[in-house]
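Written below as structure tokens is the structure these notes are about.
Only heavy atoms go into these numbers, but all of them, side chains included; no hydrogens, no water, no symmetry mates.
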Amino acid sequence: MKLFFTSLSLIFLLSACADKDAFSKFQLTQKQEYAENSIQSAKINSQNGVEGIFSAIYLNEVMPQRYKGNEYFFVFYTLKDDNKSLDIFLNLHTPIKQTPLKTTNEFSKLIISDIKWNKYYLLEYKKEQSNILNLQLKGKKFSSSVLKYKKNEE
């Protein structure tokens with residue numbers, strides 16, 4: 001009987017501590033949840049190996065009231081050699097507007113980390129007729145894999 005009460009007391013004490021965990025205070029806003037679902041990343045490769053990382057968020061999906069009509073992307077990348085010229089194509093088209101952003105910008109809250117050596121841009125492309133969007137970073141001697149997005153049916 002003594003063992004029974006000791007075991008019961010121990011179970012009661014341990015179960016009382018289990019109502020909270022590390023995720024109980026982890027809250028994402030709706031925009032952050034949409035951004036986490038939208039973010040895609042790819043290595044930037046050359047013949048010499050990996051040159052960097054390229055990431056993008058499709059803003060029409062994350063903020064549909066604000067970004068509609070044309071196609072908008074928040075992109076950021078890191079390259080080993082910062083002096084390389086590059087372009088970011090959407091279905092083989094160049095952006096109609098490319099706005100460089102500071103490390104801390106209006107989209108910083110959408111991503112988990114903002115790294116000071118990343119390059120950040122807001123890109124605007126003409127509206128694509130296709131529901132499939134292929135975004136790719138290319139330079140003279142390097143390129144990323146294609147990031148594929150599917151537009152929501154309107």
Side-chain angles (χ1 to χ4, degrees), residues 14-15 17-154:
L14 292 176
S15 67
C17 298
D19 66 338
K20 292 185 180 181
D21 59 18
F23 295 104
S24 65
K25 295 186 179 182
F26 185 70
Q27 298 281 327
L28 292 176
T29 66
Q30 188 175 19
K31 286 180 187 175
Q32 288 171 323
E33 286 181 34
Y34 289 156
E36 286 297 318
N37 288 332
S38 176
I39 193 168
Q40 294 186 38
S41 298
K43 294 177 191 173
I44 303 169
N45 294 306
S46 72
Q47 290 182 343
N48 299 327
V50 177
E51 297 289 327
I53 302 287
F54 169 59
S55 301
I57 296 174
Y58 181 41
L59 293 173
N60 296 56
E61 206 172 74
V62 176
M63 300 176 204
Q65 279 72 23
R66 182 171 176 190
Y67 295 102
K68 52 189 168 188
N70 288 330
E71 312 296 349
Y72 295 89
F73 288 87
F74 170 56
V75 301
F76 48 102
Y77 62 87
T78 301
L79 284 171
K80 286 181 185 177
D81 181 5
D82 195 25
N83 296 325
K84 297 180 179 180
S85 62
L86 56 88
D87 290 303
I88 302 172
F89 296 94
L90 180 66
N91 293 353
L92 304 177
H93 300 108
T94 56
I96 57 175
K97 189 174 182 184
Q98 182 171 320
T99 308
L101 302 170
K102 294 181 179 181
T103 302
T104 303
N105 57 66
E106 64 180 300
F107 307 108
S108 295
K109 293 179 182 175
L110 297 178
I111 56 177
I112 292 176
S113 63
D114 47 349
I115 301 170
K116 64 182 175 184
W117 55 83
N118 273 351
K119 300 290 182 190
Y120 298 90
Y121 292 92
L122 173 62
L123 302 178
E124 179 182 357
Y125 296 89
K126 288 184 181 177
K127 184 174 179 126
E128 289 289 328
Q129 298 305 313
S130 172
N131 281 344
I132 303 299
L133 304 174
N134 296 311
L135 192 68
Q136 186 177 28
L137 181 143
K138 289 185 181 183
K140 288 183 180 180
K141 295 184 179 181
F142 62 90
S143 66
S144 72
S145 298
V146 174
L147 304 180
K148 295 183 180 270
Y149 292 90
K150 185 173 180 184
K151 292 185 350 182
N152 293 331
E153 299 294 325
E154 294 177 14

### Query
Can you tell me how far CG of Leu59 sits from CZ of Phe74, rounded to the nearest 0.5 angstrom?
8.0 Å
#### Entry: side chain to side chain donor-acceptor pair (under 3.5 Å) involving Thr78 - partner list, sequence neighbours excluded
Asn118
### Task
Return yes if some donor-acceptor pair links the side-chain N/O of Asn70 with the main-chain N/O of Lys127 below 3.5 Å, else return no.
yes
## Note on the structure
For Asn91, the side chain to side chain donor-acceptor pair (under 3.5 Å) test, sequence neighbours excluded, returns Glu128
#### Entry: Distance, nearest 0.5 Å, that separates CD1 of Ile111 from CD1 of Ile39
6.5 Å
### Message
The criterion is side chain to side chain donor-acceptor pair (under 3.5 Å); which residues satisfy it with Tyr72, sequence neighbours excluded?
### Response
Glu124
### Message
Does the plane of the ring in Tyr121 sit parallel, tilted or perpendicular to the ring in Tyr77? Use 30° and 60° as the thresholds.
### Response
parallel
### Query
Listed by chain and number, what are the side chain to side chain donor-acceptor pair (under 3.5 Å) partners of Lys43, not counting sequence neighbours?
none
Distance-only criterion, 3.5 Å: show the donor-acceptor pairs between side-chain atoms of residues 136-147 and protein atoms not counting sequence neighbours.
residue: Gln136; atom: NE2; partner: Ser144; partner atom: O; Å: 2.6
residue: Ser144; atom: OG; partner: Leu137; partner atom: N; Å: 3.1

### Full working for side-chain contact (heavy atoms from CB on, under 4.5 Å) between Val62 and Tyr67
CA-CA 8 Å; Val62 176; Tyr67 295 102; over 6 Å; no
### Query
How many angstroms lie between OG in Ser55 and CD1 in Ile57, if you round to the nearest 0.5 Å?
8.5 Å
## Note on the structure
Heavy-atom closest pair (Ala56 atom, Phe73 atom, distance to 0.1 Å) is CB-CD2, 4.5 Å
### Message
Looking at Leu92, I'd like to know if its CG atom is crowded, meaning that more than 12 non-hydrogen atoms belonging to other residues, nucleotides or ligands lie closer than 6.0 Å.
### Response
no
### Query
Lys151 and Glu71: which non-hydrogen atoms are nearest, and at how many Å?
NZ-OE2, 3.0 Å
#### Entry: With sequence neighbours excluded, residues passing ring pair (Phe, Tyr, Trp, His ring centres under 6.0 Å) with Tyr125
none
### Task
Look only at the side chain of Lys97 and the backbone of Leu122, and say whether a donor-acceptor pair between them is shorter than 3.5 Å.
no
### Gln98 versus Pro95, closest heavy-atom pair with distance
OE1-CG, 3.7 Å
### Message
Measuring from atom CD of Glu106 to atom CG of Leu101, what distance do you get when rounded to the nearest 0.5 angstrom?
### Response
7.0 Å
### Summary
When rounded to the nearest 0.5 Å, the distance separating NZ of Lys119 from OG1 of Thr103 is 8.5 Å
### Message
Please check if the number of heavy atoms outside Gln47 that lie under 6.0 Å from its CD is greater than 12.
### Response
no
### Distance, nearest 0.5 Å, that separates CZ of Phe76 from CG of Asn105
10.0 Å
### Summary
Leu133 and Leu90 have their tightest heavy-atom pair at CB-CD1, 3.7 Å
